[in-house]
Participant: 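After the structure tokens below, expect a handful of questions from me.
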Protein chains: 2
Amino acid sequence: MSINNNFELYKVFYWAAKTGSLTQAAHALYLTQPSVSHAIKQLENSFGMTLFYRNSKGVELTQEGAILYSYIEQSMILIAHAEENMLALRNLDSGELRIGGSDSLFKHYLLPILEEFRTKHSGVKLHLHHGTTPDVITFLKEGRIDLGVVRLPIVDPQLKVRESFQLQDCFVAGSHFAQLKDKVLTLDMLLQYPVILFSRNSRARMAVTEEFQRYGYTLKPEIEVGSVDLLIEFARRGMGISYVTREFVLNELEAGTLFEIQLDISLPPSRVGIMTMLNMPLSSAAKRFIELIR
Amino acid sequence: MSINNNFELYKVFYWAAKTGSLTQAAHALYLTQPSVSHAIKQLENSFGMTLFYRNSKGVELTQEGAILYSYIEQSMILIAHAEENMLALRNLDSGELRIGGSDSLFKHYLLPILEEFRTKHSGVKLHLHHGTTPDVITFLKEGRIDLGVVRLPIVDPQLKVRESFQLQDCFVAGSHFAQLKDKVLTLDMLLQYPVILFSRNSRARMAVTEEFQRYGYTLKPEIEVGSVDLLIEFARRGMGISYVTREFVLNELEAGTLFEIQLDISLPPSRVGIMTMLNMPLSSAAKRFIELIR
DNA sequence: TATTGTTTATAGACACGGTCTATATCACCT
DNA sequence: AGGTGATATAGACCGTGTCTATAAACAATA
């Protein structure tokens with residue numbers, strides 16, 4: 001295959017040629033002069049030609065040595081750049097981080113964390129991929145994102161899930177249903193009213209449906225929508241009682257445009273987790289982001 | 001200085017990434033798979049990041065590994081080219097050979113050798129530098145030529161001289177001096193006639209002058225010229241008796257336009273030698289040329 | 001479900017070679 | 001001559017790169 005089977009010799013050659021001195025090359029490489037002398041001799045033997053003129057002032061490239069150097073110099077410069085780049089990646093001065101998650105999670109929860117990440121590591125490019133939980137899982141498996149932030153539970157043998165924080169879902173209504181404001185409703189009282197739910201494949205929707213089932217009730221929405229914003233808007237306009245994440249409507253609750261329906265049971269909190277591929281190493285940026293989110 | 005202090009690891013990394021398999025990389029490098037596995041781990045540790053995803057089908061570069069690879073690939077390709085080039089130099093499929101010598105030596109003696117060299121090693125570029133012996137020595141010391149072909153003796157502690165062949169100098173005349181054709185002349189008889197010599201600093205001129213001195217005569221030319229061609233031309237036109245190298249006027253002697261003056265003493269042959277810098281390694285091309293000339 | 005054939009990872013041992021120290025040798029400059 | 005730089009050589013030692021043997025994980029068979 002190749003003539004010289006020890007690339008270390010090229011490094012020695014590079015420094016010897018660059019400094020014009022075996023002694024100085026030895027200093028640069030933290031070696032002794034005899035080691036460098038020996039290494040150069042090895043390289044020369046492997047090529048069957050002399051690479052340096054030796055004189056009392058140091059060494060000088062021969063014609064043939066100069067030809068070799070023209071290549072090796074480039075090569076060493078590339079490797080130096082490679083190492084700089086790797087260092088930058090490790091220090092998070094460069095690189096990229098690709099995150100998948102739902103629109104609403106990005107908007108209401110991840111934004112401050114992303115902001116913090118960005119101010120701390122401005123060299124890292126961020127790519128955000130919006131989608132439903134199944135979408136995000138697909139992105140992950142296709143390698144299009146490094147991590148996904150979704151609602152739990154997730155059971156998938158290929159995925160590693162870290163629970164990170166909890167959200168409390170609740171039913172909210174607008175002024176149209178003001179009569180319910182200070183009442184505590186039972187589930188079947190609630191079901192007298194039109195309920196607005198997020199679209200069928202949402203994790204939160206499934207959770208609440210199961211919870212009703214546990215008490216023997218069937219939760220069927222009057223209206224089904226595809227975005228959290230619409231869920232909030234419909235409730236505000238009095239079109240029904242929306243099931244939303246409380247943390248997402250904090251502004252509306254405080255402003256009084258929405259109020260929370262109190263139930264006689266407590267709905268289980270929905271947990272949010274960070275999802276990564278099992279047995280797949282994380283990039284430095286991804287590791288850092290997960291640290292930050294905790 | 002650098003993160004990874006063992007360039008051998010990059011070679012292993014390159015093949016692992018290129019083949020997508022530690023096992024195949026091991027084959028390419030004539031190593032065992034555990035060695036490759038260990039090498040990659042070392043590299044990963046030195047960078048503090050994972051470079052490959054491992055799966056049951058082989059390995060695949062991570063984002064960060066791919067960035068490293070983009071540099072290392074270039075670097076390895078350069079080294080491969082370097083090695084190809086060095087091989088070509090050794091095989092004399094490329095490179096250059098710079099020879100210094102006098103015009104006449106090139107014309108009459110070196111030409112066939114140069115032709116042979118060129119047919120055998122067409123990839124090697126030839127550079128011929130014409131000049132007097134002192135010029136050629138200067139060229140050599142300035143590193144502008146690899147070897148010089150000149151008349152001996154040369155005494156210079158910096159030079160290595162290999163005697164290669166002998167030339168016989170002689171006096172020749174044209175038809176104007178036909179009466180001398182079959183005579184054997186003594187030196188003082190010869191001195192009755194106008195003598196044409198090469199310019200003062202020529203090695204041959206000095207040799208013949210010294211020889212005359214040895215017998216007690218002083219050789220002074222009527223005409224002094226700067227080229228062998230003129231020496232011959234002047235003799236042909238009957239302007240005098242020229243002192244020339246016999247081998248350079250073989251054509252004229254055979255054609256009868258010139259004849260050799262026979263002397264009662266035998267002039268010493270002039271020796272031609274190949275001159276190189278002492279203690280300076282020779283290029284493969286120069287070594288080969290010296291072999292050929294012998 | 002078991003089997004077989006892949007892959008990579010780990011453990012531990014051995015031997016080679018890279019590196020060292022000490023010294024020689026050479027060239028140049030006072 | 002003597003001193004000061006350079007590279008070359010010799011020989012010893014220690015480290016580490018490589019090996020064998022084996023494990024573990026996964027995929028594709030039957």
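Chain A is the first sequence line, chain B the second, and so forth, proteins listed ahead of strands; every chain is numbered from 1.
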Participant: Figure out the CG/P separation between L31(A) and dT19(C), and round it to whole Å.
Facilitator: 5 Å
Participant: Assess whether a salt bridge exists between K120(A) and E116(A), defined as any Lys/Arg side-chain N lying under 4.0 Å from an Asp/Glu carboxylate O.
Facilitator: yes
Participant: Please report, rounded to the nearest Å, how far the C1' atom of dA8(D) is from the CZ atom of F52(A).
Facilitator: 15 Å
Participant: Tell me: OH of Y53(B) to P of dT7(C), nearest whole Å?
Facilitator: 22 Å
Participant: Has T32(A) got a side-chain N or O lying under 4.0 Å from the OP1 or OP2 atom of dC20(C)?
Facilitator: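 T32(A) to dC20(C) OP1/OP2: side-chain N or O found under 4.0 Å.
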Participant: Identify which one of L97(B), L92(B), L126(B) satisfies the side chain to side chain contact (heavy atoms under 4.5 Å, CB included) criterion when paired with H121(B).
Facilitator: L92(B)
Participant: Going by atom types only, do S164(A) and R271(A) share a side-chain donor-acceptor pair under 3.5 Å?
Facilitator: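 Per modelled atom types, S164(A) and R271(A) side chains form no pair under 3.5 Å.
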Participant: When the nearest nucleotide of DNA chain C is assigned to E8(A) and to K57(A) on a heavy-atom basis, which residue is associated with the more 5' position?
Facilitator: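 On the 5' side of the pair lies E8(A).
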Participant: Between L22(A) (CG) and dT7(D) (P), how many Å, whole number?
Facilitator: 4 Å
Participant: How close or far is atom P of dT7(D) from atom CH2 of W15(A), stated in whole angstroms?
Facilitator: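 So the two atoms are 16 Å apart, to the nearest Å.
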Participant: What integer distance in Å separates N6(B):CG from dG15(D):C1'?
Facilitator: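 Taking atom C1' of dG15(D) as the reference, CG of N6(B) is at 13 Å.
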Participant: Within the structure, does a side-chain N or O atom of S35(A) lie under 4.0 Å from either OP1 or OP2 of dC20(C)?
Facilitator: yes
Participant: Measure the distance from CD on Q42(B) to P on dG17(D) and round it to the nearest whole Å.
Facilitator: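 Q42(B) atom CD is separated from dG17(D) atom P by 5 Å.
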Participant: Between the side chains of S270(A) and R151(A), is a donor N or O closer than 3.5 angstrom to an acceptor N or O?
Facilitator: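 The criterion, which ignores hydrogens and geometry beyond distance, is satisfied for R151(A) and S270(A).
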Participant: Looking at dT10(C), dT18(D), dA10(D), which one has an atom nearest to any side-chain atom of P34(A)?
Facilitator: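 Minimum distance to the P34(A) side chain belongs to dA10(D).
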Participant: Can you check whether S21(B) has a side-chain N or O nearer than 4.0 Å to OP1 or OP2 of dT7(C)?
Facilitator: no
Participant: Is there a side-chain contact between T23(B) and the phosphate of dT8(C), meaning an N or O under 4.0 Å from OP1 or OP2?
Facilitator: yes
Participant: Of V12(A) and S56(A), whose closest DNA chain C nucleotide lies nearer the 5' terminus?
Facilitator: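 That would be V12(A).
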Participant: Within the pair S37(B) and dA9(C), is there a side-chain N or O less than 4.0 Å away from OP1 or OP2?
Facilitator: yes
Participant: Does the side chain of R54(A) get closer than 4.0 angstrom to OP1 or OP2 of dA6(D) through an N or O atom?
Facilitator: no
Participant: Check the phosphate of dC28(C) against N55(A), side-chain N and O only, distance under 4.0 Å to OP1 or OP2. Yes or no?
Facilitator: no
Participant: Strictly by modelled atom types, are Y10(A) and E83(B) linked by a side-chain donor-acceptor pair under 3.5 Å?
Facilitator: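 The criterion, which ignores hydrogens and geometry beyond distance, is satisfied for E83(B) and Y10(A).
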Participant: Can you measure L51(B) atom CG to dA9(C) atom C1' for me and round it to whole angstrom units?
Facilitator: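 L51(B) atom CG is separated from dA9(C) atom C1' by 16 Å.
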Participant: Taking donor-acceptor contacts at under 3.5 Å, does the side chain of Q33(B) reach the base of dA9(C)?
Facilitator: yes
